[in-house]
Structures are given as structure tokens and as C-alpha cells.
Protein chains: 2
Amino acid sequence: MLSRKTKYGLKALTFLAKQDKNEPVQISVISQSENISHKFLESILLILRKAGYLGSKKGKGGGYYLMKHPSDIPIAAVYRILEGPIAMMPCVSLNFYEKCDDCPDEKACSVHNLMIQVRDNCLQILENTSLEDLIKS
Amino acid sequence: MLSRKTKYGLKALTFLAKQDKNEPVQISVISQSENISHKFLESILLILRKAGYLGSKKGKGGGYYLMKHPSDIPIAAVYRILEGPIAMMPCVSLNFYEKCDDCPDEKACSVHNLMIQVRDNCLQILENTSLEDLIKS
DNA sequence: TGTTTACTCTACTAAATCTATAGGTTTATT
DNA sequence: AATAAACCTATAGATTTAGTAGAGTAAACA
């Protein structure tokens with residue numbers, strides 16, 4: 001299941017992408033519009049800023065704005081930043097690979113092979129959907 | 001991410017499906033072969049038994065065995081029993097639907113629409129893969 | 001009938017993660 | 001200087017995960 005963190009993050013990005021101008025939007029504007037706890041959203045936006053997807057401006061008239069064009073922000077990237085691996089098991093993750101301690105032979109593991117299929121399908125969607133696609137739907 | 005519970009459950013079912021005869025296999029045989037904590041596996045097998053996928057026999061020569069042919073056990077069903085909803089958000093779940101409290105209009109939610117796509121893709125795989133398919137791979 | 005074997009069931013726990021919240025700090029604007 | 005708004009650290013409560021402990025129950029077998 002998707003965490004609220006990721007869900008809120010995606011909603012906030014969508015909100016920013018929908019703005020007419022790419023000017024700073026205050027956290028409280030986003031949090032009120034999208035029904036997200038102000039403080040929680042704050043921490044999420046901070047993560048996205050550090051990852052390079054958001055820029056920020058302090059002080060009066062400040063807020064957050066997109067650092068990239070929505071078409072250059074694949075959902076997969078946001079997902080990895082906020083949620084972590086897209087794969088269902090570390091042993092099938094491309095970006096967060098880890099060996100299973102209980103599995104002597106990965107290639108012989110039927111669960112492993114199944115989850116590779118699932119991963120590929122999810123990846124295909126999440127890599128090929130951008131923030132721009134999201135606001136169109 | 002897939003919980004160990006589900007992973008272990010699938011591995012145990014796979015182990016049983018691989019047996020030549022469908023005769024009771026002791027928990028300890030499975031737990032040792034698959035490197036799973038005996039007590040933890042015990043609780044997982046119990047769940048699968050109550051769900052009707054496994055039968056059990058007590059006493060000497062006892063153990064667990066499949067109640068259905070592997071081709072009649074879709075992975076999606078096992079997943080739902082052990083892991084819960086396949087959907088990434090309750091608002092896109094077919095079997096465990098729940099409205100989001102933060103979302104006034106589901107149809108207007110871009111995250112919602114994206115996750116429907118993801119769900120459909122995962123479902124397509126998990127519904128159409130049976131335990132029998134798993135042991136072949 | 002008694003013993004062993006193996007599943008059944010309830011309860012508990014340690015650790016991790018999630019979902020925030022609190023409160024002070026820094027920076028920019030007016 | 002006053003105010004606005006992001007920045008940052010710490011913490012806390014709730015939930016979930018991944019088990020563990022131990023007594024109970026049923027079947028087999030001698």
C-alpha cells in the first residue's frame with residue numbers, strides 16, 4: 001500500500017503543476033486545498049526539494065515551486081524518493097537491490113521470478129507516466 | 001513491499017505443490033527446507049488452512065497438504081489472504097474498498113486514476129498466475 | 001491406555017515504520 | 001524592526017511486522 005507520504009507528495013506536486021504560473025506557493029495553501037496536515041506536508045516538500053524536484057523561496061511571498069517541467073518528472077522517480085523501491089522484494093529491485101537471507105538461489109525462487117514480472121509491469125507504468133500526464137487525467 | 005508473511009506463505013505453498021504425492025508434510029520439514037522460522041510459518045499455514053487452501057492432519061505422520069490442485073490456486077487469492085489488498089490505495093481496491101478521507105472527489109484525483117492503472121496491471125498478472133505456473137518457472 | 005507426535009490457539013513482545021506534532025532557527029520582504 | 005514563511009531537529013503515539021512462548025487438542029501407535 002502507498003503511504004500517505006507518497007500520496008500527499010504526489011498530490012502536492014500535482015497541485016503545483018496545475019498552477020498557471022510557476023511561482024512559489026505556500027505550504028499552507030497546498031495543505032488546505034489538498035486536506036493535508038501542514039507540518040507533515042512541510043517535511044514531504046522538504047524531501048522533494050532536496051531531491052531537486054522543488055525549489056523554495058523563504059520569507060514573505062515565499063513557497064515552493066517546481067524545478068522541472070512536469071513532463072520531466074516521471075512518477076517512478078517521485079515514488080522512489082518518497083516510498084522507496086518500486087519492486088515488491090529487495091531481491092528484485094533494480095535501484096535498491098538486496099539479497100534475501102532465506103533464499104539460497106535467487107534464480108530458482110519462484111516468488112522471485114513472479115515478482116520480476118510485477119516489477120516490470122509497474123515500472124512500465126510509473127516510468128512512462130509523468131507529472132504532466134497526471135494532471136491531464 | 002511484500003511482507004515476509006506473504007513471501008513465506010507462497011514459498012510454503014510452492015514447496016507443497018512440488019511434492020510428488022499430496023501427503024501431509026510437517027511444518028518443520030518446510031521451515032527447514034525454506035529457511036523459515038518454525039513458529040512463524042506455523043501461524044501462516046494456519047491462516048491458509050482456514051482460508052481453505054490447505055488441509056492438515058494432526059499427530060504422527062501429520063502435517064499440511066494442498067486442498068486444491070495448484071492450477072486452481074491463483075496467486076492473487078493467496079496475496080489477498082496474507083498481504084491484504086492488491087491495490088496500492090484503499091480507494092482503488094475492488095475487494096477492500098474504502099474512501100479516502102482527504103479526497104473530496106475520487107474521479108478528479110489524479111493519483112487515484114494512476115493507481116487504477118497499476119492495480120489493473122498487477123491484477124492481470126496475479127489473477128492469471130496459479131501456483132502451478134509458479135513451480136514451472 | 002499411555003506416550004509421543006504434531007497441529008491449534010491465545011497471548012505477548014521487540015523492533016521498525018508511519019503519521020504526524022512541537023518548537024525553535026534562518027532567511028527574505030516590507 | 002516586524003512579519004512571513006521555509007528550514008531543521010527532536011520526539012511521540014499508533015500501527016504493523018516478525019516473530020516467541022507455552023499450554024491445549026487430536027491422532028497414531030505400542
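Proteins come first, then strands; the chains are lettered A, B, ... in the order of their sequence lines, and each starts at number 1.
- At whole-Å resolution of the value, CG in Leu41(A) and P in dT21(C) are 12 Å apart.
- Between the P atom of dA6(C) and the CZ atom of Arg49(B) lies a distance of 18 Å, rounded to the nearest Å.
- Summarising the geometry, the separation between CD on Glu23(A) and C1' on dA5(D) is reported as 16 Å, rounded to the nearest angstrom.
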Between protein and nucleic acid, restricted to nucleotides 17-21 of chain D and to nitrogen or oxygen atoms under 3.5 Å apart, what atom pairs and distances do you find?
unit_1	atom_1	unit_2	atom_2	d
dA18(D)	OP2	Arg4(B)	N	3.1
dG19(D)	OP2	Tyr8(B)	OH	3.3
dT20(D)	OP2	Ser37(B)	OG	3.0

Test side-chain contact (heavy atoms from CB on, under 4.5 Å) applied to Asn121(A) and Val118(A), step by step: CA-CA 5 Å; Asn121(A) 266 262; Val118(A) 175; 5.9 Å; no
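- Screening residues 84-137 of chain B for ring-ring contact (aromatic ring centres under 6.0 Å, His included), with sequence neighbours left out, gives no hits.
- Think of Tyr65(B) as one node in a network of Ile, Leu, Val, Met, Phe, Trp and Tyr side chains linked at under 4.5 Å; its network also takes in Met67(B).
- When the C1' atom of dT21(C) is taken as reference, atom CD1 of Ile36(A) falls 16 Å away, rounded to whole Å.
- Residue Asp101(B) contributes atom CG, which lies 12 Å from atom C1' of dT19(C) at whole-angstrom precision.
- Side-chain atoms of Arg49(B) never come within 3.5 Å of backbone atoms of Ser56(B) as a donor-acceptor pair (strictly under, hydrogens ignored).
- Summarising the geometry, the separation between CD1 on Ile47(A) and C1' on dC8(D) is reported as 12 Å, rounded to the nearest angstrom.
- Distance, Leu45(A) CG to dA20(C) C1': 15 Å, rounded to whole Å.
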N/O to N/O distances under 3.5 Å, protein versus nucleotides 28-30 of chain C:
unit_1	atom_1	unit_2	atom_2	d
dT29(C)	OP1	Lys57(A)	NZ	3.3

Under 4.0 Å protein heavy-atom contacts per nucleotide of nucleotides 11-16 of chain C, with B for base, S for backbone only and - for none: ------
Worked verdict on Met89(A) versus Lys7(B) for side-chain contact (heavy atoms from CB on, under 4.5 Å): CA-CA 9 Å; Met89(A) 300 197 304; Lys7(B) 182 181 159 195; 3.8 Å; yes
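- Between the side chain of Asn128(A) and the main chain of Gln124(A), a donor-acceptor pair closer than 3.5 Å is present.
- Between the axis at the start and the axis at the end of the helix from dT1(C)-dA30(D) to dT30(C)-dA1(D) there is an angle of 0°, using five pairs per end and rounding to 10 degrees.
- In the hydrophobic cluster analysis, where Ile, Leu, Val, Met, Phe, Trp and Tyr join through side-chain heavy atoms closer than 4.5 angstrom, Ile86(B) is grouped together with Ile81(B).
- Side chain of Asn35(B) to main chain of Ser31(B): no donor-acceptor pair is present (N/O by atom type, distance under 3.5 Å, no hydrogens or angles).
- A cation-pi arrangement is absent between Lys5(B) and Phe40(B) under the rule of less than 6.0 angstrom and at most 45 degrees off the ring axis.
- Nucleic acid contact for Lys7(A): none, since no nucleic acid atom lies under 4.0 Å from a heavy atom of the residue.
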